[in-house]
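A note on names: the letters A, B, ... follow the listed sequences, proteins ahead of strands, and every chain is numbered from 1.
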Protein chains: 2
Amino acid sequence: MKIDPQKSTDLSAQIAQAIRDAIVSGELIVDERLPSEAELADQFQVSRPTVREALKRLAAQSLIRTQRGATGGAFVNRLSFQDAYSQQITTSTLLLSMNEVSFDTACEARYALERACAPLSAQRRSADHLATMRAEIFRQAQPGLTDEAFCASDVAFHRALVDGAENPVLSYQLAGAVEAMQPLMNMITFTARSREEIIRLHSKIADALEARDAETVDAALVELETYTRRLAHDVAERRRKPA
Amino acid sequence: MKIDPQKSTDLSAQIAQAIRDAIVSGELIVDERLPSEAELADQFQVSRPTVREALKRLAAQSLIRTQRGATGGAFVNRLSFQDAYSQQITTSTLLLSMNEVSFDTACEARYALERACAPLSAQRRSADHLATMRAEIFRQAQPGLTDEAFCASDVAFHRALVDGAENPVLSYQLAGAVEAMQPLMNMITFTARSREEIIRLHSKIADALEARDAETVDAALVELETYTRRLAHDVAERRRKPA
DNA sequence: GACTTTTAAATGTCAGACAAATAAATTTTT
DNA sequence: AAAAATTTATTTGTCTGACATTTAAAAGTC
């Protein structure tokens with residue numbers, strides 16, 4: 001691991017990259033302890049604060065974890081699906097909120113991906129997944145539910161659908177697509193009528209999954225996508241020329 | 001923005017989280033300048049190195065960028081699709097390499113997602129996308145191509161397929177799935193015979209996309225998935241009881 | 001007015017120190 | 001001898017203060 005002191009970028013960024021490369025390439029393996037901050041400072045010929053800045057960069061990506069004390073230090077972290085999930089959700093959410101991505105574009109991507117899970121989910125969903133979906137449908141039918149709570153339940157429903165495919169990689173990839181839509185969905189006001197329709201489609205999906213009927217799940221997802229986009233479109237219309 | 005000095009976690013982590021929350025919630029908007037490090041140190045009642053560690057954490061996630069000089073400082077960064085891509089690829093790659101994800105699982109996820117793009121790509125692909133795909137197919141047919149180069153070209157081919165859907169959100173989500181497979185694919189030795197078969201299927205995909213025939217694209221992708229999994233399976237077999 | 005120089009403000013880096021946590025080694029007590 | 005308490009060494013976490021470097025604006029000069 002070497003750094004180029006001539007380079008224009010920050011030393012801490014260079015050091016972080018050097019260590020990151022070592023991890024990605026397998027030179028440093030999971031749970032391996034890195035040299036102490038003092039030793040790293042020596043190796044890279046920089047001060048300890050600079051090394052620490054580099055380590056914090058890596059910690060922010062969950063690539064390392066640190067422990068204090070006699071046997072402490074920085075250790076290569078096994079990136080858990082959980083950590084990967086939350087990073088993906090943060091990144092996806094920010095990406096959508098900062099780049100004027102149209103609702104249609106995001107919605108299209110989300111449903112395209114979700115439909116990719118549907119056949120697998122129809123094949124493999126457990127009773128547990130089904131129970132989660134039914135429970136969320138029940139919650140969505142409660143009167144007096146806020147729009148935010150309705151959206152959150154919607155996300156939980158769709159996550160159960162995705163998780164039903166029993167493929168952790170797929171669940172991970174979808175987490176961003178589904179959760180990042182929530183802020184966009186929150187702009188929609190769900191009337192009693194529209195909630196009813198959504199619940200109807202959710203039920204249709206749950207029923208079809210129970211029957212392991214992939215085609216009907218797909219059809220219901222298409223319907224749901226169309227309906228959601230219509231709702232968003234109406235909101236946009238009403239905002240353009242209000243009452 | 002407040003932090004709790006009682007909390008057990010690092011001060012720099014708490015400060016980073018406080019600022020991150022402010023960005024995600026929209027309290028801090030794109031291109032807005034954060035207070036200087038000295039001012040932040042004052043506000044949070046910590047020292048400047050601690051503030052700097054927090055800022056480096058945020059920089060590692062591309063949430064802020066820093067500039068030196070008189071009008072410099074830390075600015076809220078507009079998360080570009082490019083930045084989001086690379087983060088996703090790094091995370092996905094590490095996730096797969098560190099968690100003993102089976103080739104089958106990763107492969108299934110990848111092709112499920114890719115097939116989700118196929119209909120859109122058949123509808124919208126430009127001549128440019130097609131040209132890229134043809135060029136990569138041509139490259140793949142070159143004799144003397146290393147396995148790594150063949151894999152890289154394979155990735156480029158599939159990226160063109162995904163990009164053909166003309167949905168940046170979809171491209172972003174797929175980037176991880178497609179690129180993260182590359183290290184796994186690199187474990188396969190591509191014989192002349194297997195390359196021939198892959199090229200045949202790639203050509204079939206390109207032809208179908210040219211004809212805007214979504215169904216054939218889908219069928220070819222299924223074939224390709226099956227074939228790829230068979231190849232990986234054979235490698236695993238051969239490794240278990242060698243020659 | 002155009003060019004050069006100065007200045008001020010900000011980040012980048014360094015050195016050295018102390019605090020706090022933690023496990024191992026040592027000592028004391030039972 | 002075993003158990004408990006204490007000490008010690010190591011490492012990260014944090015602070016202070018300083019200087020270097022970069023950069024744009026302000027001041028000065030022709």
Side-chain angles (χ1 to χ4, degrees), chain A residues 1-20 22-23 28 31-77, chain B residues 1-20 22-23 28 31-77:
Chain A
M1 286 194 295
K2 285 281 151 56
I3 58 171
D4 177 7
Q6 312 306 329
K7 207 117 174 266
S8 62
T9 58
D10 298 5
L11 289 175
S12 69
Q14 290 180 56
I15 293 169
Q17 191 59 52
I19 298 176
R20 187 166 21 242
I23 294 175
L28 290 169
D31 292 335
E32 185 170 341
R33 183 180 173 284
L34 274 69
S36 73
E37 293 174 354
E39 286 172 311
L40 286 172
D42 249 26
Q43 277 185 32
F44 287 113
Q45 290 282 300
V46 298
S47 67
R48 194 157 82 92
T50 302
V51 167
R52 282 182 61 79
E53 288 178 8
L55 294 180
K56 294 313 164 201
R57 294 178 116 109
L58 299 174
Q61 297 179 304
S62 307
L63 291 183
I64 62 169
R65 61 177 187 279
T66 54
Q67 246 180 347
R68 295 172 75 165
T71 58
F75 298 83
V76 177
N77 197 31
Chain B
M1 287 194 296
K2 284 283 150 52
I3 58 170
D4 177 6
Q6 312 306 330
K7 205 113 173 272
S8 61
T9 58
D10 297 349
L11 289 174
S12 69
Q14 290 179 54
I15 292 169
Q17 191 57 54
I19 298 176
R20 185 164 25 239
I23 294 175
L28 290 169
D31 291 335
E32 184 170 340
R33 183 180 172 283
L34 273 68
S36 73
E37 293 174 354
E39 285 171 313
L40 286 172
D42 247 26
Q43 277 185 34
F44 288 112
Q45 289 282 298
V46 296
S47 67
R48 193 157 83 93
T50 302
V51 167
R52 282 181 61 79
E53 288 178 9
L55 294 179
K56 294 314 166 201
R57 293 178 116 109
L58 298 173
Q61 298 179 303
S62 309
L63 292 183
I64 61 168
R65 62 177 186 278
T66 54
Q67 249 179 348
R68 297 173 73 165
T71 59
F75 298 83
V76 178
N77 197 30

Problem set entry | Donor-acceptor under 3.5 Å (B:N77 side chain, B:S62 main chain) |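 A pair under 3.5 Å: yes.
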
Exercise. Do side-chain atoms of A:R65 reach the backbone of A:V76 as a donor and acceptor pair under 3.5 angstrom?
Worked result: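 Looks like yes, one N/O pair under 3.5 Å.
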
For this session: Could you point out which residue of A:R68, A:R48, A:K56 forms a salt bridge (Lys or Arg N to Asp or Glu O under 4.0 Å) with A:E37?
Result: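 Of all the options given, the one that passes is A:R48.
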
Problem set entry | For DNA chain C, the residues among residues 35-42 of chain B that have a non-hydrogen atom under 4.0 Å from it |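 Here the set is B:S36, B:E37.
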
What heavy-atom pair brings [X] and [Y] nearest, and what distance separates the two atoms?
X: B:A74; Y: B:I64; result: CB-CD1, 4.2 Å
X: B:T9; Y: B:Q14; result: O-NE2, 3.2 Å
X: A:A16; Y: A:R57; result: CB-CD, 3.9 Å
X: B:A54; Y: B:S12; result: CB-O, 3.3 Å

What is the distance, rounded to the nearest whole Å, between atom [atom1] of [X] and atom [atom2] of [N]?
X: A:R48; N: C:dT13; atom1: CZ; atom2: C1'; answer: 15 Å
X: B:R52; N: C:dT13; atom1: CZ; atom2: P; answer: 7 Å
X: B:L11; N: C:dA19; atom1: CG; atom2: P; answer: 16 Å

Exercise. Which is the 5'-most and which the 3'-most nucleotide of DNA chain D that has an atom under 4.0 Å from a heavy atom of chain B?
Worked result: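 Contact span on the strand: D:dG13 to D:dA24.
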
For this session: Residues of residues 53-71 of chain A with any non-hydrogen atom less than 4.0 angstrom from an atom of DNA chain D: list those, numerically ordered, please.
Result: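 Here the set is A:K56, A:T66, A:Q67, A:R68, A:G69, A:A70.
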
First locate atom [atom1] of [X], then atom [atom2] of [Y], and finally report the distance between them rounded to the nearest 0.5 Å.
X: A:T66; Y: A:R33; atom1: OG1; atom2: CZ; result: 11.5 Å
X: A:I19; Y: A:L40; atom1: CD1; atom2: CG; result: 5.5 Å
X: A:I15; Y: A:R52; atom1: CD1; atom2: CZ; result: 13.5 Å

Exercise. Hey, which of these two, A:S47 or B:G73, hits DNA chain C nearer its 5' end, going by closest nucleotide?
Worked result: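 Per heavy-atom nearest nucleotide, the more 5' residue is B:G73.
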
